[in-house]
Amino acid sequence: MQDRYDALSVEREAQEFWESRGSFRVPEDPARPKFYCLSMFPYPSGKLHMGHVRNYTIGDVLTRHYRMRGMNVLQPMGWDAFGLPAENAAMANKVPPAKWTWDNIAYMKSQLKSLGFALDWSRELATCRPDYYTWNQWFFTRLFRKGLAYKKTGIVNWDPVDQTVLANEQVIDGRGWRTGAQVEKREIPMYFLRITAYADELLAALDELPGWPEQVKLMQKNWIGRSDGVRVGFEYELEGERRVLWVFTTRADTLMGATFCAVAAEHPIAAWAAQRDPQIREFVEECRRGAVMEADLAQLEKKGMPTGLYCTHPLSGERIPVWVANYVLMGYGEGAVMAVPAHDERDYAFALKYGLPVKPVIRHPLGDDVPEPWRAQYAEYGTCINSGKYDGLDYQAAVDAIAADLKAKNLGEKQVQWRLRDWGISRQRYWGCPIPIVHCPGCGDVPVKDEDLPVLLPEDLVPDGTGNPLNKLPAFLDTRCPACGKPARRETDTMDTFVDSSWYFARFASPGSDAAMIDARARYWMPVDQYIGGIEHAILHLLYSRFFTRVMRDEGMLEVSEPFTNLLTQGMVLAETYYRDTPQGRREWVNPSEVEVGRDAKGKIVSAKRRTDGAQVVFAGVGTMSKSKNNGVDPQALIEKYGADTARFFIIFASPPTNTLEWSDEGVEGSYRFLKRLWAYGAKFDTAARGAGEPALERSVRFELHSVLRQANYDLTKHQFNTVASAAMKILNSLEKLPGRTPAAEQGLSILLRLLSPITPHICHHLWRALGFGEDVMQAAWPEPDPAALEQDEIEFVVQVNGKTRGTVRVPASADEETTASLAITAMSKFVGDRQVRKTIVVPRRLVNIVV
RNA sequence: GCGAAGGUGGCGGAAUUGGUAGACGCACUGGAUUUAGGUUCCAGCGCGGAAACGCUUGUGGGUUCGAGUCCCACCCUUCGCACCA
């Protein structure tokens, strides 16, 4: 063995070993327990970023660990290859998105290989390949025929200059990102998937996902948002005709306190009022143009205008005004609310502002009245007051009685309202999966026949930012109707890329299947046992995948309902940010790798300057790695300088997987130092003479070794990998106390290499072979602690007096509680003095507390 | 505004789930090796104190023999959002 740790050659050699043996290709093997370990596949944006490296390192640690525990572990990789950035790059470089995408894939694949991940590349897929997206299209036609896909209008952001639809992220402060033009809202026909048909099931099944973080389940629950309430009708007259304004409320018990109704700006009543009154028209226009983001809207001042229309309270018969208000949303419920100012904070603020009546109808903890300012107690459930026949009823009784009375009048009933909306999948973009529909003047919208799939996406177009280039391509547009055969026009919208990623996990289990979307092999592998990815996908991607899995189940393609048994949401990768203000008054962000910090004698940062020119820079805290703050760290540079094992070790060691990870160059150096020490220990071990060792030292090292191993194995079950890395360091520290190649050293190094191999597979692979432990550490059994090594003759107890720790005492392992207590009292005589011992508490193997 | 997560040394983080707070590492300090820098090795390192000892897990209360961990109130930070009636 050479003395110097040459990470790159060690890693190249290990990777060649795995490659030549096909070590990571996994067949379906019913004889062994399967484990499907999946990390979210990357978008091929150009090169790997640190978040990818973290994600795949976590997945690889799990994969290699379970492999060594004898499981048949599948870890595949592919490419989420359709999407907007490819179109942007295409415009910038005048290259078709396909070429840009494939170049990126080739480069990123080489990066993944250099990191040594145990990936089964024989299953690689890319969603932009026809053999993948043909099944998107096939599945869509199934949904279309079942009525689970349908067409209706949806609202989009429209850029009037470029004449194109913009994604939310392309709208900056209400303006198009390329043109700077004021963005308009536009209604256009789109295809929707009826995810709401599964709302009930998607909600209920969350309770049967013990392997998901509570946080994510709660977010999904709130997103699906089941509300049990009452639909209430307020009658009104318009142009001599009797009509009903419907509202939905979860607080029907407060109906007697409703003093006005409010409708959204897009509501038909608002449109009617806008026609009559220019001021209302102005207000409605303002609402339509205004903020799109909920957080902004929430901060908006509550504004409204009376429509001039009055409606009738369904129970009291009172005449109450209808307002149009900016805090009512068209997209939820009926687009209209009944306002109960006394018991709803927003209604309260609105009523005070416009002098509308406030009528308390619920007894709350602060009394019967609702004086200013607003208090949270006003909204609590309580007994009805000022409510006529409903006085004295509690929440549930009042809701029941009021719902019954409304029903009798045909002006309402109990209703379940979902927050979840159907999923609009039409995108007016080129680089995506074409929606397989043909528009026929005679037959309407007709799905493409199975035998004519896929509808191929032309790959040589370069978009110019003014809409979908497919619209200008007769060869694509002109076709014949699948039903009647007459000339017809092809749909040019493509699918939301979330469609691609809603079933890829099942396709990995059926590589190359060209007769079916997924085949019988998927039944062996599904569900995914462990899914790993960023918290930013906690809602949409995971919910869509759960929806697709259910539809696939109902189509007889899968037997499972849930795609992901266990979910690990990794934290983000952060780095320090530094800036300096330029003479021109601009803020210039300086990459942390260019910054040198000065510290005081205690290690506190007191100054920072740029290495190149010595300019003073300001430390602006840590933040997510981003282009705008120029604080990204390129994984490639790291791999080239230190090797993949150092990068992997640092990522695992620096914080537990679900926490944020703070990047630190010094921390990387520390990880590199540890691997160099491990290598040096291996080299010394290689040449050391075998010897028996000193018995007491051997015994104490073996005790340390096996206690650390026991803890590490426990930590692995919790996925707390950072302390497993610590355990490896502790083991090396213990081994370095031994004089040479003693039995404890042999055993310790064998444990260390196996324990560490999922984290730093290359160096462990090399040392395992070079030091004669075996041919392939991955084939070795996972280490388990030896109970004999954990036995002790004496146990050290912590001794407290009145709960204050005062020292320790060694007690024979065989001693009973009484003996232990008296030994402790003797040892602590200095602290006990002549005071009376009232009580002793003995915690077995741990602690004695003497109460005096 | 609503929803979620979280506050432990100079820093990242540990704490066997109510039992020695600060494992492991980084940074820092001193020393050895080196022509020097780097590397490597040894020692120290929560705060105060010469020491005995005292104080210490965002703040203030509480439960307990014992609280970072459980309960109550408050303060702060981060993340998500489609004002969800």
Side-chain angles (χ1 to χ4, degrees), chain A residues 213-216 218-219 221-223 225 227 229 247-251 254 262 264 291-300 302 325-329 331-334 336-340 344-347 349 417-421 535-536 538-539 571-572 574 597 599-606 622-624 650 653-656 658-671 673-674 676-677 680 707-708 710-711 714-715 720 722-723 725-730 733 796-808 838-841 843 845-852:
Chain A
E214 287 304 320
Q215 179 196 3
V216 173
L218 200 55
M219 283 198 261
K221 194 177 166 186
N222 291 338
W223 190 265
S227 292
V247 307
F248 174 78
T249 179
T250 53
R251 290 301 303 271
T254 65
V292 253
M293 309 255 278
E294 183 187 328
D296 299 339
L297 284 164
Q299 254 78 263
L300 274 185
K302 316 246 168 305
N326 65 354
Y327 69 94
V328 181
L329 290 182
Y332 183 75
E334 306 283 348
V337 298
M338 67 175 204
V340 185
D344 180 280
E345 187 173 0
R346 285 164 310 178
D347 298 345
Q417 186 70 48
W418 301 91
R419 186 178 172 280
L420 183 68
R421 304 201 289 249
I535 186 79
E536 68 272 19
I539 297 178
M572 289 187 293
L574 313 179
V597 295
R599 294 172 191 272
D600 66 13
K602 290 192 170 169
K604 223 177 198 164
I605 297 178
V606 289
V622 289
T624 53
F650 171 73
F653 177 62
S655 69
T658 53
N659 276 27
T660 54
L661 168 74
E662 207 173 299
W663 195 262
S664 145
D665 288 334
E666 293 86 356
V668 174
E669 286 283 352
S671 300
R673 201 173 301 148
F674 167 67
K676 281 193 291 190
R677 257 177 65 210
S707 356
V708 169
R710 185 177 54 182
Q711 182 65 39
Y714 173 73
D715 291 347
Q720 187 174 290
N722 56 326
T723 49
S726 298
M729 290 174 142
K730 286 181 193 172
N733 290 345
E796 192 175 61
F797 279 75
V798 171
V799 187
Q800 301 181 329
V801 179
N802 284 349
K804 261 195 163 53
T805 301
R806 293 298 185 182
T808 58
R838 291 225 322 263
K839 185 169 155 190
T840 53
I841 291 131
V843 181
R845 306 185 67 85
R846 216 169 261 289
L847 171 142
V848 182
N849 189 8
I850 302 162
V851 186
V852 298

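Naming: A, B, ... by sequence-line order, numbering from 1 per chain.
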Which listed nucleotide ([options]) is nearest to the side chain of [X]?
| X | options | result |
| --- | --- | --- |
| A/T249 | B/C81, B/G54, B/A85 | B/A85 |
| A/R346 | B/C84, B/G13, B/C79 | B/C84 |
| A/K676 | B/U39, B/G12, B/C65 | B/U39 |
| A/V851 | B/C65, B/G12, B/G13 | B/C65 |
| A/S655 | B/A14, B/G12, B/A85 | B/G12 |
| A/Y327 | B/C83, B/A85, B/G12 | B/C83 |
| A/M572 | B/C79, B/A82, B/C26 | B/C79 |
| A/E666 | B/A85, B/C65, B/A27 | B/A27 |

Who passes salt bridge (charged side-chain N to carboxylate O under 4.0 Å, His left out) against [X], sequence neighbours left out?
| X | value |
| --- | --- |
| A/R677 | A/E736 |
| A/R346 | A/D344 |
| A/E662 | none |
| A/R251 | A/D253 |

Qualifying residues under ring pair (Phe, Tyr, Trp, His ring centres under 6.0 Å), relative to A/W663, sequence neighbours excluded:
A/F650
Please figure out whether A/I539 or A/F653 has its closest RNA chain B nucleotide nearer the 5' end.
A/F653
Which residue, A/T250 or A/K730, contacts RNA chain B at a nucleotide closer to its 5' end, judged by nearest heavy atom?
A/K730
Check the phosphate of [N] against [X], side-chain N and O only, distance under 4.0 Å to OP1 or OP2. Yes or no?
| X | N | result |
| --- | --- | --- |
| A/N733 | B/G25 | yes |
| A/N722 | B/A14 | yes |
| A/R673 | B/C26 | yes |
| A/S227 | B/A85 | yes |

Taking any heavy-atom pair under 4.0 Å as a contact, classify A/T660: base, sugar-phosphate, or nothing.
sugar-phosphate
Quote, to the nearest angstrom, the [atom1] distance that separates [N] from [M].
| N | M | atom1 | value |
| --- | --- | --- | --- |
| B/C41 | B/A50 | P | 34 Å |
| B/G6 | B/G12 | C1' | 16 Å |
| B/G80 | B/G19 | P | 35 Å |
| B/U63 | B/U69 | P | 15 Å |
| B/U20 | B/U29 | C1' | 27 Å |
| B/C26 | B/U39 | P | 12 Å |
| B/U57 | B/G9 | P | 10 Å |

Is there any protein nitrogen or oxygen under 3.5 Å from a nitrogen or oxygen in nucleotides 62-64 of chain B, and what are the pairs?
none

Residues passing the side chain to side chain contact (heavy atoms under 4.5 Å, CB included) test with A/V337, sequence neighbours excluded, are A/A262, A/V328
Report the residues that fulfil side chain to side chain contact (heavy atoms under 4.5 Å, CB included) with A/V708, sequence neighbours left out, ordered by chain and then residue number.
A/A727, A/K730, A/I731
[X] to [Y] - nearest heavy-atom pair and separation:
| X | Y | answer |
| --- | --- | --- |
| A/V851 | A/I841 | CG2-CD1, 4.3 Å |
| A/S655 | A/T660 | OG-O, 3.0 Å |
| A/F248 | A/E334 | N-CG, 4.0 Å |
| A/D347 | A/M338 | OD2-O, 3.9 Å |
| A/V848 | A/F797 | CG2-CD2, 3.8 Å |

Going by the glycosidic torsion and a 90 degree boundary from 0, is the base of B/G58 oriented syn or anti?
anti
Taking syn as a glycosidic torsion within 90° of 0 and anything else as anti, which one is B/U69?
anti
RNA chain B: stems of at least 3 consecutive Watson-Crick or G-U pairs whose donor-acceptor distances fall under 3.5 Å
B:1-7 with B:75-81, B:10-12 with B:24-26, B:28-32 with B:40-44, B:46-48 with B:53-55, B:58-62 with B:70-74
Without decimals, in angstroms, what is the distance between A/R710 CZ and B/U16 P?
13 Å
Pull out every protein N or O sitting under 3.5 Å from an N or O of nucleotides 3-5 of chain B, one pair per line with the distance.
| unit_1 | atom_1 | unit_2 | atom_2 | d |
| --- | --- | --- | --- | --- |
| B/G3 | O2' | A/N222 | ND2 | 3.0 |

Mark yes or no for whether A/D715, through its side chain, and A/Q720, through its backbone, hold a donor-acceptor pair below 3.5 Å.
no
Partner residues of A/T840 under the side-chain hydrogen bond (donor to acceptor under 3.5 Å, both in side chains) criterion, sequence neighbours left out:
none
Look for any protein N or O under 3.5 Å of an N or O in nucleotides 18-22 of chain B and output each such pair with its distance, or none.
| unit_1 | atom_1 | unit_2 | atom_2 | d |
| --- | --- | --- | --- | --- |
| B/G19 | N2 | A/Q800 | OE1 | 3.2 |

